[in-house]
Amino acid sequence: MKCPFCGELDNKVIDSRLSKDGTVIRRRRECLACTRRFTTYEHIEEIPIMIVKKDGRREPFYREKVRAGMQRACEKRNISMNVIEECIDELERDLRESGKKEIPSSRLGEWVMDALHRMDDVAYVRFASVYREFKDVNDFVSELKRLLSAEKEQAGVKG
Ligand SMILES: [Zn+2]
């Protein structure tokens, strides 16, 4: 492990700590050349979760792909990257805790839609329109109506 200050390769570990969930080891190191200290993190290599597509093909679950889809839907909306990131953290945690090794892509899509729905209606509709591949404008309009009536109900409860 190269010292970030002087580039020396030799160092000693002065402290090791396991994260609460047991997946990350944090090591405090001291450079043998310049004696400065730095921290390294070791992540346990996780078994990939496979996403099963409609045609039966499988591909590993990639955060980057989910993030890209959500970012596209959230473009120019008032949603920070942190919120999106936390959302994907939550998803990944749920997936791993479920113990399932394979998830249908449709479930992943539904999950992202739900998450976006809670954040922002515009982002939700954008994502849904791509994801659900609305066959015609009527499908899209009926989805919008459903959305708007749900909002009215919510407003009614508040008022
Ligand atoms: Zn050094």
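In listed order, ligands and their atoms are each counted from 1.
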For Arg27 and Ser16, does a side-chain donor sit closer than 3.5 Å to a side-chain acceptor?
yes
Is there a path of hydrophobic side-chain contacts, each under 4.5 Å between heavy atoms of I/L/V/M/F/W/Y residues, joining Met113 to Val122?
no
Using a 4.5 Å side-chain heavy-atom cut-off and chaining through intermediate ILVMFWY residues, the residues clustered with Val13 come out as none
Atom CE in Met50, atom CZ in Arg57: separation rounded to 0.5 Å?
11.5 Å
For residues 71-120, which residue pairs pass the ring pair (Phe, Tyr, Trp, His ring centres under 6.0 Å) check, not counting sequence neighbours?
His117-Tyr124
Identify, with sequence neighbours excluded, every residue that meets side-chain hydrogen bond (donor to acceptor under 3.5 Å, both in side chains) alongside Arg77.
Asp120
May I ask you to list the protein N, O or S atoms found at less than 2.8 Å from the Zn ion (ligand 1)?
Cys3 SG, Cys6 SG, Cys31 SG, Cys34 SG
